[in-house]
J.: 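Below you will find the structure I want to go over with you.
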Amino acid sequence: MNILKKRSLINFMKYRSLIYLLVAKDLKVKYKRSVLGVLWSLLNPLLTMLIITIVFRELFRFNIDNFAAYVISGQVLFSFLSESTGLAMSSIYTSGQIIKKVYIPKYIFPITKTTYSLVNLLFSFLAVLLVCVVTNVSINYTIIFSFVAIIYLYVFCLGLGMLLSSLVIFFRDIEHFYGVFLTAWMYATPIIYPISIMPDRFMFLLYANPLYYYIEYFRLGLVNGQVPSWDLNLHCILYSIGTLALGVYIFNKKQDEFILHI
Amino acid sequence: MPSWGSYIMTTESIRVEDVSMCFHMTTEKISTMKEYIIKKLKGQISYKEFWALRNVSFSIQKGDILGVLGLNGAGKSTLLKMVAGVLKPTSGNIYVNGSMAPLIELGAGFDTELTARENIYLNGSILGHSKKMMKKHFDEIVEFSELQDFLDVPIKNFSSGMYARLGFSIATITKPEILIVDEILSVGDFKFQQKCESKIQDMIKEGTTIMLVTHSIDQIRALCNKAIVLEKGSLIQSGTVDAVSDFYYSKYT
C-alpha cells in the first residue's frame, strides 16, 4: 500500500521550501525599488506613532503612562492583522494562474502571505523596542511574553486569512466589506485610546474582541513588565485555536471548488 | 473524491475509473452577494451543465506510452489536468502510482520580475522539489536550456522560446516515473525540439510511463504504443496505437 501515492496526502514538508521561497520573493519584490528598502518597515510605524501621539496627547490630553509605547505596540499588531488577513484573503484568486496549471496544496498561499506579514511585524517590532528605549520604558525578561502574543496572533490571523480566502472566492463583496470592517475593528480596539474611556455599555464589545486580548497580552509583557494571567492566556489560546480550526475546516471543504471560480 | 478504498495493481501506473467532469456554467456571471441573493430569491439562477468528460475509464500500465487523440473540445486537456491533480473529477476516481512530472503548461508559476536563476528554484519548489535537489541539478538545467548568458536577467525580458526552454528544462530534471505531456513538443526552434524529443526518448528507454496529448498523429505513431480517442467527453476507442490511429484517421478525414 505504501507505493500508492495520494496527492492529497503529499505532506507539508515537501512544500516547506516553497513557502520559504515565496516569502523571500514577496519581501524582495516589496523593497526592490525603494532606496531605504527594508528600513521602511521600521520607519512606517514610527512615523505613524509620532503623528498619533502628537494628535492625541496635545489635542485630546490622553493621560497614559508611556503613551508612545502604548500606541506603537497596539498599532503594529493591528497593522499585522490587517495586512496579513487582507493579503491572505486575496492570495487564492491572485494565484489563479498557478493553481490552474500545476498541482500545489492551496493552503500554501494563505500561509505564505501570513508569514510574510509576520516577517514585516518582526521588523516593526524593532521600532517598538526603539520607542521603548527612547521613552525610558524599562524592559525586562517579560519581553518573552510579547513574542508569545505574536505567536497567538499569528495563529489567529492564519485562521482568519484561510476563512476569508475561501469565502472571497465565492463572494468578492467580502473584500470591500472587510475594508470597512477593519476600520470599525480598529476603533473598537483600545489601540490609541485608554481602556478607561470605554463606556460601560460598550464593554461587551471589548470582551468579544479577540484582538483586545492579544494587544493586552503584548503590552503586559513589553510595556508593563508583567506576567500575563492564566485567564488571559486561556482567552488567547481559545480564540487562536478556534479561529484556525474554523478556517481550516471551511478551506478544506471548499478548496476543490476554488479552481472553478477563479 | 478518490478514496483509499481500492487497491491498485503494482503494474498499473495510472487508473482512471468511471471519471466524469461537469462544469456549471451560470448563464450570466454572478459575483456579488446582493445579486446572488436577489436572483436566488427570484429563482433566477440557472445553471447550464457542461460535461467535459463522461464516464471515462482506462488504465495505463508501467512503461506504456499512451497517446490521447481527439478534436478540439473533446476533453483531452481536462483529462490531463485531472490526472495531474489540478482538477478534481465530479465523480469517479483517479489513481496515480509513482512520481509524476506534468508538462502541461511550461513555466507555470514563473515570476517575471525575478531572474532566471531565482525562477529555477521557485519553479522547482512549485513542482515539489527540495532546494537541495535543485542545487544538485542546477548546472544541468542551465546547460540543457542553453541560457548560461542570461541567468541573472529578469525573465520578463525573455522571449517566449527562452521561457519555454527554461520551463522544459526544469520540469524534466527529475527522472519521473510518469510524464504527462500536453502539446508542448512544439516549443522553441527545430534544434531544441529535437533535444526535447531525444530527452523524452531517453525517458522511454528508462521505462517512464507517458501520457501524451497532441494533434499530430505522426508523433503519436512514432512515440506511443497505446492510444485512446475522446469525442465530446466520451471515450470512443482504445487499444494499440496502430489500430486506434487508423480508426481516428478514417473517422475524421
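Note that the coordinates shown come from a computational prediction; the quantities given were computed from them, not determined experimentally. Letters A, B, ... are given to chains in the order of the sequence lines, protein chains preceding strands, and every chain is numbered from 1.
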J.: For B:F138, does the CZ atom sit with more than 12 other heavy atoms under 6.0 Å from it, leaving out its own atoms?
T.: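 More than 12 within 6.0 Å, yes.
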J.: Please state whether the side chain, the backbone, both or neither of B:M133 comes within less than 4.5 Å of a heavy atom of chain A.
T.: neither
J.: For B:K156, is the NZ atom crowded, meaning more than 12 foreign heavy atoms sit under 6.0 Å from it?
T.: yes
J.: Where does B:Y121 contact chain A at under 4.5 Å (heavy atoms): side chain, backbone, both or neither?
T.: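 Its backbone and side chain both get close to chain A.
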J.: Verify side-chain contact (heavy atoms from CB on, under 4.5 Å) between B:L122 and A:L22, making sure each step is shown before the conclusion.
T.: CA-CA 8 Å; B:L122 183 63; A:L22 286 174; 3.7 Å; yes
J.: Are any of the side-chain nitrogens in A:K28 or B:E118 under 4.0 Å away from the carboxylate oxygens of its partner?
T.: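 Yes, this pair counts.
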J.: What are the two closest heavy atoms between B:V86 and A:I99, and how far apart are they?
T.: CG1-O, 3.2 Å
J.: Counting only heavy atoms not in A:Y207, do more than 12 sit closer than 6.0 Å to its OH atom?
T.: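 Result for OH/A:Y207: open.
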J.: Near B:W51 CH2, under 6.0 Å, is it more than 12 heavy atoms from other residues, nucleotides or ligands?
T.: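 For B:W51, atom CH2 is crowded (more than 12 foreign heavy atoms under 6.0 Å).
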J.: Around atom NZ of B:K131, are there more than 12 heavy atoms of other residues, nucleotides or ligands at under 6.0 Å?
T.: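 Incorrect, the count does not exceed 12.
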J.: Hey, could you give me the NE2/OH distance between B:H129 and A:Y15, rounded to the nearest 0.5 Å?
T.: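 So the gap between those two atoms works out to 9.0 Å.
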J.: For A:I108, which atoms come within 4.5 Å of any heavy atom of chain B: side chain, backbone, both, or neither?
T.: neither
J.: At their closest point, which heavy atom of B:I126 faces which heavy atom of A:I98, and how far apart are they?
T.: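 That closest heavy-atom pairing would be CD1-CD1, 4.1 Å.
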J.: Heavy-atom pairs under 4.5 Å with chain B - which of A:R16, A:Q97, A:K100 has more of them than the others?
T.: A:K100
J.: Count the heavy atoms belonging to other residues, nucleotides or ligands that lie under 6.0 Å from NZ of B:K136, then report whether that count exceeds 12.
T.: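 Incorrect, the count does not exceed 12.
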J.: Should B:L127 and A:I104 be marked as a side-chain contact (heavy atoms from CB on, under 4.5 Å) after you check the CA-CA gap, both sets of side-chain angles, and the distance that decides it?
T.: CA-CA 8 Å; B:L127 297 174; A:I104 307 186; over 6 Å; no
J.: Find the distance between CG (A:D256) and CG (B:L87) and round it off to the nearest 0.5 Å.
T.: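 Rounded to the nearest 0.5 Å, the CG-CG separation comes out at 9.5 Å.
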J.: For residues B:S130 and A:S17, report the shortest heavy-atom separation together with the two atoms involved.
T.: CA-OG, 4.2 Å
J.: How far does NZ of B:K88 sit from CD of A:E257, to the nearest 0.5 angstrom?
T.: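 With rounding to 0.5 Å, NZ (B:K88) is 11.5 Å from CD (A:E257).
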